[in-house]
Amino acid sequence: MLVYLRAGALLAILTLQPAFGLALIPHAKLSQATLAAFDNYVRGREALIERQIAEGPFLWANQKPERMRELQRAGMVVEPLAGGGAESIGNGTVHDWLGTVFVPGVTLERTLAVLQNYDAHKVSFAPEVTDSKLRRRDGDFFQVYLRLRKHKIFTVVLNTEYDITYRRVSPTRVASRSYSTKIAEVEKPGTASEYELPPGDDHGFLWRLHSFWRFEERDGGVYVEFEAVSLTRDVPRFVSAIVTPIVRHLPRESLELTLLNLRRALNPASPR
């Protein structure tokens, strides 16, 4: 019967009973072919980023005058990269969004200090980050744990871990990259019986999350650029009304929220 329900009626049911919707979604397994395709995509992005850092322009926002105009007008500019933000690869979808904010009245060192205070991310980047811990630091290398809460129709909780490296490009420029090393969906979160599903064998809302940052101090503040490249499952037709809003819309919303929260943490007077 579910196949014949109108999408609007199904969404109305899920709004009232969100747990019911999650139970309807079959698990998906991340294939090695899909993972290889994602890794290849990331390598291509890394090569382009390295070329931009070496040859310029350092900031993506500086590549087009209209981007800087939008940044000056709205305080943020965000655009999709891969296939309009989402591109199918094997049994998954790669999402690639890039955004820039300008934070006036702060320094590069202050920006890095706030971002590298990973124990405080559960406060600075709430409500999407509900817990955070710095596991290890060795100079400019960090190992970090973040518990993520993704909400769209219903709520998905993920235990995630990352290897993060910062690199000083010049006295006023820093680049950073973050690779997810573990993403595990949590069943029955917040209860005594919560447990993790096997990574890559779950509902497939987030299988990988790699990010690339660039920071530049100039014009009386700091420009912060954040590119998020994520991998999710493909969307089965019979549950597309449920899954599509999560895997297609959340990547942009999460990126924007991260940039806004960072700007707010650096400058509490900044608008949300």
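Ring planes of Phe125 and His121: tilted class, angle from 30 to 60°.
Using a distance-only test at 3.5 Å, with no hydrogens or angles considered, no donor-acceptor pair links the side chain of Ser178 to the main chain of Ile164. In this structure, the side chain of Ser132 engages the main chain of Tyr118 through a donor-acceptor pair within 3.5 Å. At distances below 3.5 Å, not a single donor-acceptor pair connects side-chain atoms of Glu128 with backbone N or O atoms of Leu257. Panel note: side chain Arg214, backbone Phe58; a donor-acceptor pair is recorded below 3.5 Å. Remark: the backbone N or O of His151 is not paired with any side-chain donor or acceptor of Thr155 at under 3.5 angstrom.
Between Lys182 and Glu196, at least one side-chain N (NZ, or NE/NH1/NH2) sits under 4.0 Å from a carboxylate O, which counts as a salt bridge. Ionic pairing of Glu50 and Arg167 is present here: one or more N-O contacts between side-chain nitrogen and carboxylate oxygen are shorter than 4.0 angstrom. Comment: Glu225 does not engage Arg67 in a salt bridge, judged by the lack of any side-chain N to carboxylate O separation of less than 4.0 angstrom.
Inspection of the Thr34 and Asn91 side chains reveals an N or O donor paired with an N or O acceptor under 3.5 Å.
Shown are Tyr41, Phe226, Phe38; of these, the ring-ring contact (aromatic ring centres under 6.0 Å, His included) with His210 is made only by Phe38. With Asp202 as the partner, the side-chain contact (heavy atoms from CB on, under 4.5 Å) test is satisfied by one option alone out of Glu185, Arg233, Glu187: Glu185.
Proximity of Trp60 to Ile49: side-chain heavy atoms (C-beta onward) are nowhere separated by under 4.5 Å. Residues Thr111 and Val103 form no side-chain contact, since every pair of their non-hydrogen atoms from C-beta on lies 4.5 Å or further apart.
Using a 4.5 Å cut-off between side-chain heavy atoms of Ile, Leu, Val, Met, Phe, Trp and Tyr, with links allowed through other members, Phe142 and Tyr162 fall into the same hydrophobic cluster.
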